[in-house]
Colleague: 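Encoded as structure tokens, here's the structure I'll be asking about.
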Amino acid sequence: METFFDNLFSVFFIETLLNGLLYGGVLALLSLGLNLIFGVIDVVWICYAELVMLGMYAVYFAHNVYGLPMLPACAVAILAVALLGYILHRVVIAHVLGKAPINQLLATGGVLFFLQSIATLIFGVEFLSVGVSLGSFQITEDIYVSKSQLVAFIIAAVTVLGMYLFLSRSYMGAAIRAISQDREIMILMGVDANRLYGITSAIGGGLAGLAACLLALQFDVHPFVGISFGPLVFMICVMGGLGNLVGGFIAAFVFAQLIATGSYFADLEWGAVLAFCVFVIAMFIRPEGLFARKS
Amino acid sequence: MNRQILMGLGAIALIAVPFIGVPPYWLHIMIVILIWSFAYTGWSVMGRFGLVSLGHGAFMGIGAYGTALLWNHAGMSPWLGIPIAMALAGLFALLVGYPCFKYRIVGHYFALVTLALSEIVRQVIVATRDHTGGSLGYTPEPHGGEGYSIVALQFPEKTHFYLIALGVWMVGLIIWRAVDRSMSRYALEAISEDEDASASVGVEVTKEKLKITVLSAVMTAFAGAMYCQYQMFVSPDTVSGIGISLQIVFAVVAGGIYTRFGPTVGAIITIVLAEVLRINIAELEGLFGFKPAGLDNTIYGIMLVLFIIFLPKGVLGSIQGRLFGRSA
């Protein structure tokens, strides 16, 4: 028991909490795009994390192979994944829109296999590192914070705010909100649903690309990197209430803290187990997600 | 009558397979197909009622690892270990299923909660690496002379295992048929149409759903144990986690979710396809001078998407629909 409290009040634990907070920023950004698509098109992109993986490859190739500076390389990645999201919608999702949810899930699951293996085919299985480090800075004597995590956190917060403003203030945002509320009536009102869905998919893809840029600063890229955070991102979206961007944002931080704390006291895997268990229990309490608005 | 004679002949032909000099490689493929067919049938008994679980990797993992761990650590024969592992999987299904059904978690939400389950089991297996070998995988200790042991259910001879797998697969089909003919089927079909309406006419929604879920979990756990006993090696990625859960659902949907032989056809399609691609691509290596790793799965992924878009009833379901004009 004594060691437990020693652990609890050590600087390392504070550092863990801080890292959890920053990790939450990355997760929040990751869940944002998926959440948008979930909420608007009502389709689960099981392959979402694989789009992020391809975005990380795009950063790597633009920056390390073709020698673009980091910022233009990120722009390339964002545009590439946005295009990919649009193509995904046109080629696959558009054909299963009216079908049973299971078929939609499976179609994107097939895309998951496809993207994973085509990445293996083209890029090989080596771990590639973008090799850009922003370094870290010292808060107190013992506590360091990685700058790339801090940047990810800030960009995530700004993006969530930006998305919120876009959806609530702009004409296009209003249209997207409207179609997510009633798919049938909006079409009768003369709205081109397919065009809206295409645009939403592109935005969702772009957000995946943005997340990829920030992840590329912290992690190596390999074809199976998606599996390591994909499930987590789904859980966050569901726990936040599908399509509820603010809920997803909060849920991301809850998850990140659970994982950080769990891994501090035991292994990284136990952190994930803890987070998933909390997710399952949370679902029992609020089946529509913890932060879902009552309909 | 014709149908029964046909099935009897089919059964005899299948039993005769190992005795007419089928090469070991083909026998191996058939055993793998039979084991997975059983697992897929186990999934489809609940999947056909709209209970789309992405968590069957969890049950499979419990079955496989439970049996192997009890054998290695407690010296418990699989004769006892398999039922215990199955009971554990059933209990796990009950524990999660009850609140799921009680609180009306359906559709996307049900799929994602169960997805979390299979991840939980996979992560626990990896985290307890001191006992389970973690991601490196796990092997049940060999027992008896030259690996042959009835106590440990270890048969290096493929013929033995083929006959066992065949028997198990047939039992799977019998279970499927029993469910198909039971009152529960009508109850569950009503539930999948409209829960409130069926509850109002006296269907015990939670109980019916739980029964079928536990049955499905126990069957899948048994398939996991079989797989472990046959391959004598399991790893978290081959028996649990999202990959396996998705693979199960895919194969069933590819074969046909609403017909008895659908899961089997799905197993044949997916396993034969994977093998053919794997072998042909190994040959391409000589042509290109390098091994196009990942090409097999690329084609596999494309075919899965095409299947889902163009044959949503599955291969067998679509064929039967054409032949007999019934909406399978």
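Letters A, B, ... mirror the listed sequences (proteins, then strands); counts begin at 1. Treat the numbers as computed from the prediction; the structure is a model and nothing was measured.
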Colleague: What part of B/Leu304 is in contact with chain A, defined as an atom under 4.5 angstrom from a non-hydrogen atom: side chain, backbone, both or neither?
Modeller: side chain
Colleague: Would you give the length of the straight line joining atom CD1 of A/Ile236 to atom CZ of A/Phe279, rounded to the nearest 0.5 angstrom?
Modeller: 10.5 Å
Colleague: So how far is it from A/Thr200 OG1 to A/Ile93 CD1, rounded to the nearest 0.5 Å?
Modeller: 12.5 Å
Colleague: Can you say whether B/Val52 sits under 4.5 Å from chain A via the side chain, the backbone, both, or neither, judging by heavy atoms?
Modeller: side chain
Colleague: Using non-hydrogen atoms and a 4.5 Å limit, figure out which bit of A/Cys277 sits close to chain B: side chain, backbone, both or neither.
Modeller: both
Colleague: Hey, mind stepping through A/Trp45 and A/Val233 against side chain to side chain contact (heavy atoms under 4.5 Å, CB included) and telling me if it holds?
Modeller: CA-CA 11 Å; A/Trp45 280 13; A/Val233 176; over 6 Å; no
Colleague: Is B/Ile299 close to chain A through its backbone or its side chain, or both, or neither, when contacts mean heavy atoms under 4.5 Å?
Modeller: neither
Colleague: Only one of A/Leu115, A/Ile122, A/Val59, A/Val221 forms a side-chain contact (heavy atoms from CB on, under 4.5 Å) with A/Leu54, so which one is it?
Modeller: A/Leu115
Colleague: Quick one: what part of A/Val92 sits under 4.5 Å from any heavy atom of chain B, side chain, backbone, both or neither?
Modeller: both
Colleague: Can you tell me how far the OG atom of A/Ser31 sits from the OH atom of A/Tyr48, to the nearest 0.5 Å?
Modeller: 7.5 Å
Colleague: What part of A/Leu105 gets within 4.5 angstrom of chain B, counting heavy atoms only: side chain, backbone, both, or neither?
Modeller: side chain
Colleague: Of the backbone (N, CA, C, O) and the side chain (C-beta and beyond), which part of A/Ala272 lies under 4.5 Å from a heavy atom of chain B, both, or neither?
Modeller: side chain
Colleague: Does the pair B/Phe250 and B/Phe307 meet the rule for a ring pair (Phe, Tyr, Trp, His ring centres under 6.0 Å), with working shown?
Modeller: CA-CA 9 Å; B/Phe250 266 133; B/Phe307 264 123; 9.7 Å; no
Colleague: In terms of heavy-atom pairs under 4.5 Å with chain A, which of B/Leu117, B/Leu306, B/Ile120 leads?
Modeller: B/Ile120
Colleague: Report which part of B/Val96 has an atom under 4.5 Å of a heavy atom belonging to chain A: side chain, backbone, both, or neither.
Modeller: both
Colleague: State whether the number of non-hydrogen atoms from other residues, nucleotides or ligands found under 6.0 Å of A/Phe224 atom CZ is greater than 12.
Modeller: yes
Colleague: Which one wins on heavy-atom pair count under 4.5 Å against chain B: A/Phe234, A/Phe38, A/Trp270?
Modeller: A/Trp270
Colleague: Looking only at atom types and distance, does a side-chain atom of B/Thr238 sit under 3.5 Å from a main-chain N or O of B/Val234, one as donor and one as acceptor?
Modeller: no
Colleague: Less than 4.5 Å to any heavy atom of chain A: does that hold for the side chain of B/Ala111, its backbone, both, or neither?
Modeller: side chain
Colleague: For B/Val124, is it the side chain, the backbone, both or neither that has a heavy atom under 4.5 Å from a heavy atom of chain A?
Modeller: both
